[in-house]
Amino acid sequence: MTGAWIRFGISAGCMVLGLVFMVSAVFGVNRFKHALNRMHAAALGDTLGILFVILGLIIIRGFSMDSLKLSMVIMFFWIASPVSGHMISRLEAMTDERLGEITVLEKNNGILVDMPDEAREDVKTPAKKKKAKRGGKDR
């Protein structure tokens, strides 16, 4: 009788942990600005959430043919989720024109500025500025 309660407690803990991962993925998806960041949060939350929920079901059911089927479901999700996430991220990278831009925080006024690829060469790092002030010579 005590063993059944311990098994129930462990399985309930796994299910609650899986739900925590899934709920945190929802907040991660809403928090991030760019699509690739959102996909990363969603993929990690789904993968870990599904793992722990189904692992809780395996523990509560016991080791039987049902647990073998549930473990096959975990394997399918762990194989299919990264592949589909990679394909969607490649599509996003090929179609998003702004993906090549970087965000720079200007020193003086703290304004975020998006810079295209061509403007990156014009930005001088502090080392280049010092070298330019000294006449281009290293001392």
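The chain is numbered in sequence order, starting from 1.
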ask   = Counting only heavy atoms not in Phe77, do more than 12 sit closer than 6.0 Å to its CZ atom?
value = no
query = So, does Arg61 use its side chain to make a donor-acceptor pair with the main chain of Ser67 at under 3.5 Å?
reply = no
task = Would you check if the side chain of Ser84 reaches a backbone N or O of Ser81 as a donor-acceptor pair within less than 3.5 Å?
result = yes
[X], [Y]: one ILVMFWY side-chain cluster at the under-4.5 Å cut-off?
X     : Y     : value
Trp78 : Val53 : yes
Leu57 : Ile74 : yes
Ile59 : Ile6  : yes
Ile50 : Ile58 : yes

Using atom types as modelled, flag every donor-acceptor pair under 3.5 Å from a side chain in residues 15-31 to any protein atom, sequence neighbours excluded.
from  : atom 1 : to    : atom 2 : distance (Å)
Ser24 : OG     : Val20 : O      : 3.1
Ser24 : OG     : Phe21 : O      : 2.8
Asn30 : ND2    : Val26 : O      : 3.3

key: Interatomic spacing from CG in Leu55 to CD1 in Ile10 - rounded to 0.5 Å   = 10.0 Å
inquiry  = To the nearest 0.5 Å, what is the distance between CG on Asp66 and CG on Leu70?
reply    = 6.5 Å
query = Does anything in residues 4-22 pair up under side-chain hydrogen bond (donor to acceptor under 3.5 Å, both in side chains), and if so which pairs, sequence neighbours excluded?
reply = none
